[in-house]
Amino acid sequence: MSDPSRDIRVGDTERQQALQVLGEHMSAGRIDVDEYGERSAKITTAKTRGELMALFHDLPDPRPQFVTPVAMFAEPSRPPAKRWEGAVIPVVGVAVVIAFFVLVKNPLIFLLIPAVAVLWGQWNGRRR
């Protein structure tokens, strides 16, 4: 299975870091000036992380370090739930039970229910 992060495109920052690391290897005597010139030319034209890392396959640490974009491989997050959303159903249920017992004694309460619903909608709309 191949590493999907190898296919991620690189930018100038990653290329600059790779050139710096390659310079450290030249300073340590692991590669000569000619090889540094060849590899640095390939670094400047590299498009992906895999292309950059291939230029360091035969060299020990240090190697270029890349930050893995977590968002690319993570599941999308949901917005956090509001605190009161979990209490709406129980409150409505209790209100319906109370309304039922009140309605049995006073049928005019039917006129109050739509009025409360309209006021609730207007109040809730202003808060957003």
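Here, residue 1 is the first one in the sequence, and each next residue gets the next number.
In this structure, CZ in Phe66 is found 10.0 Å from CD1 in Ile8, a value given to the nearest 0.5 Å. With values rounded to the nearest 0.5 angstrom, Asp7 atom CG is found 9.5 Å from Glu51 atom CD. One finds the NE2 atom of His25 at 11.5 Å from the OH atom of Tyr36 (value rounded to the nearest 0.5 Å).
Shown here is Asp61, whose CG atom has more than 12 heavy atoms of other residues, nucleotides or ligands within 6.0 Å.
Among residues two or more places apart in sequence or in another chain, the side-chain contact (heavy atoms from CB on, under 4.5 Å) test is passed with Lys42 by Leu55. For Glu24, the side-chain contact (heavy atoms from CB on, under 4.5 Å) partners are Gln20, Pro62, not counting sequence neighbours.
Using modelled atom types, no side-chain atom of Glu35 and backbone atom of Val33 make a donor-acceptor pair closer than 3.5 Å.
Ionic pairing of Arg39 and Asp58 is present here: one or more N-O contacts between side-chain nitrogen and carboxylate oxygen are shorter than 4.0 angstrom.
Nearest heavy atom pair, residue Arg15 against residue Lys47, reads NH2-CA, 4.5 Å. In terms of heavy atoms, Leu52 sits closest to Ala46 at CD2-CB, 3.6 Å. The shortest non-hydrogen separation linking His57 to Arg63 is O-NH2, 3.8 Å. When all heavy atoms are compared, the tightest approach of Arg30 to Pro60 is NE-CG, 3.5 Å. The two residues Leu22 and Ser40 have their closest heavy-atom pair at CD2-N, 3.7 Å.
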>> For Gln16 and Thr13: C-alpha separation, side-chain torsions, deciding distance, then whether side-chain contact (heavy atoms from CB on, under 4.5 Å) applies.
In response: CA-CA 5 Å; Gln16 284 296 107; Thr13 304; 5.8 Å; no

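With a 4.5 Å cut-off on side-chain heavy atoms, Ile43 and Phe56 count as touching. Under the 4.5 Å side-chain criterion, counting only non-hydrogen atoms from C-beta, Pro64 is in contact with Met53.
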